[in-house]
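Every heavy atom of this structure was used, including side-chain atoms; hydrogens, water molecules and symmetry mates were not. Note that the structure is predicted; figures quoted are calculated from it, not measured.
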Amino acid sequence: MSSAPGTAGLYVRAVLPKPGGGRGRPVPARRLVLRDVAADPGRLRRYAGVCGFAGASRLPMTYPHIVAFPLAMSLMTRRDFPLPLLGLVHIANRIDRHRPIEAGERLTYRVWAGDLRPHPKGTAFDVTAEADDGARTVWRSVSTYLRRGRAAAGPAPGAGARSGGASPGGAPSGGAGDPGGPVLEERWEVPGSAGRAYAAVSGDRNPIHLHPLTARLFGFPRAIAHGMWTKARCLAALEEHLPGACRVDVSFRAPVPLPSAVRFRAAGPAASAAGGGVLWDFALRGDGDAGREHLRGEVSLLG
């Protein structure tokens with residue numbers, strides 16, 4: 001591909017029924033490639049502003065995800081993809097950054113889907129995206145999605161089957177809550193417009209994020225924030241503490257309703273219970289003593 005497909009048309013395609021319901025078919029062995037693209041400076045500035053990053057001279061660690069996102073949508077909305085796009089739940093994401101990426105660098109992106117597998121709550125699969133600079137891979141992401149329902153036949157995944165340090169649900173093993181080392185804490189007011197703002201810059205216009213009326217069509221009483229916005233916002237808070245080469249694992253535990261107040265907490269290595277080379281152990285919860293956990297994550301060095 002010389003340019004990414006528009007996501008508006010892909011959402012139209014997403015509502016069309018798949019032949020035979022789609023279930024029971026394997027994920028097609030197909031890769032989409034977007035060659036030699038640099039970040040649009042205006043879009044990059046808007047993304048940084050929406051997600052809370054301080055500047056735009058380098059790509060935020062999550063920015064390549066929105067470049068690859070239309071390719072992922074194109075894969076998942078094709079008629080031979082076994083699961084419908086609408087109704088999928090994004091339950092985990094792992095990003096490996098092998099080095100910082102300058103804003104003007106031209107990269108080639110490759111995206112594919114696979115590893116369709118049973119999950120205790122239905123069927124899960126991964127979408128992998130990579131970006132290379134012509135010499136080597138500089139960025140890689142694995143997003144895990146869940147289709148709720150009866151689990152597919154086959155063995156259930158064991159502990160750590162997904163990303164390093166993950167527990168059976170894809171959740172990092174630390175809790176961002178033990179004393180004894182550096183701790184960062186922030187409280188954020190997330191406005192009702194947050195979903196629309198992120199949709200405008202990312203192209204992810206899933207109706208559950210846009211307005212209470214469209215969210216109710218899918219069983220949500222209010223619009224909810226994008227999972228990748230919550231990850232980006234957490235990494236913006238940690239930006240000055242991230243090494244050039246690192247891995248960030250997150251599990252998305254519960255939606256962030258819009259509007260709402262949330263609390264971010266990150267614990268450094270001496271305060272982390274995770275061990276195993278983890279640099280930061282972080283979580284996002286609803287405001288209040290008994291706030292619901294929305295996200296849990298780990299930052300670790302790449303070997």
Are the side chain of [X] and the backbone N or O of [Y] linked by a donor-acceptor pair below 3.5 Å?
X      : Y      : value
Arg46  : Leu44  : no
Arg285 : Gly291 : yes
Asn206 : Ile208 : yes
His90  : Tyr145 : no
His294 : Pro255 : yes
Ser300 : Val278 : no
Arg253 : Glu293 : no
His65  : Val67  : no

Using 0.5 Å steps for rounding, measure from the [atom1] atom of [X] to the [atom2] atom of [Y].
X      : Y      : atom1 : atom2 : answer
Ser202 : Arg43  : OG    : CZ    : 7.0 Å
Arg148 : Thr123 : CZ    : OG1   : 12.0 Å
Leu83  : Leu88  : CG    : CG    : 6.5 Å
Leu107 : Asp36  : CG    : CG    : 9.0 Å
Glu298 : Arg247 : CD    : CZ    : 10.5 Å
Cys234 : Met61  : SG    : CE    : 13.0 Å

Does a salt bridge link [X] with [Y], judged by any charged N lying under 4.0 Å from a carboxylate O?
X      : Y      : answer
Glu130 : Arg110 : no
Asp133 : Arg106 : no
Asp281 : Arg296 : no
Arg117 : Asp115 : yes
Glu189 : Arg187 : yes

So if you build clusters from Ile, Leu, Val, Met, Phe, Trp, Tyr with side-chain heavy-atom gaps below 4.5 Å, do [X] and [Y] land together?
X      : Y      : answer
Leu301 : Val248 : yes
Met73  : Trp112 : no
Leu210 : Val190 : no
Phe252 : Val142 : no
Val37  : Phe69  : yes

So with a 6.0 Å cut-off around CZ of Arg196, is the heavy-atom count from everything else above 12?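 It does: Arg196 CZ has more than 12 such atoms within range.
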Step-by-step side-chain contact (heavy atoms from CB on, under 4.5 Å) determination, Arg58 to Ile101: CA-CA 6 Å; Arg58 288 179 169 176; Ile101 303 171; over 6 Å; no
Aromatic ring proximity, centroids under 6.0 angstrom, Phe81 and Phe125: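 Yes, they do, as the ring centres are separated by less than 6.0 Å.
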Classify the ring geometry between Tyr47 and Tyr198 as parallel (under 30°), tilted (30 to 60°) or perpendicular (over 60°).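 Ring orientation of Tyr47 relative to Tyr198: tilted.
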Which pairs with one or both residues in residues 222-234 pass side chain to side chain donor-acceptor pair (under 3.5 Å), sequence neighbours excluded?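 Pairs touching residues 222-234 that pass the test: Asn93-Lys231.
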In sequence, state the C-alpha distance, the side-chain angles, and the governing distance for Phe282 and Val250, and then conclude on side-chain contact (heavy atoms from CB on, under 4.5 Å). CA-CA 9 Å; Phe282 62 93; Val250 301; 3.7 Å; yes
What's the shortest heavy-atom distance between Arg292 and Ala254, and which atoms?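 Nearest heavy atoms, Arg292 then Ala254: NE-CB, 3.3 Å.
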Which atom names give the shortest non-hydrogen contact between Glu239 and Ala54, and what distance separates them?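 So the two residues come closest at OE1-N, 3.4 Å.
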Do Thr137 and Asp132 get their side chains close enough for a donor-acceptor pair, meaning under 3.5 Å?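 Their side chains do not contain a donor-acceptor pair, so the 3.5 Å distance test is not met.
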Are Arg97 and Trp139 in a cation-pi contact, defined as NZ or CZ under 6.0 Å from the six-membered ring centre and within 45° of the axis?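 Verdict for Trp139: no cation-pi partner in Arg97.
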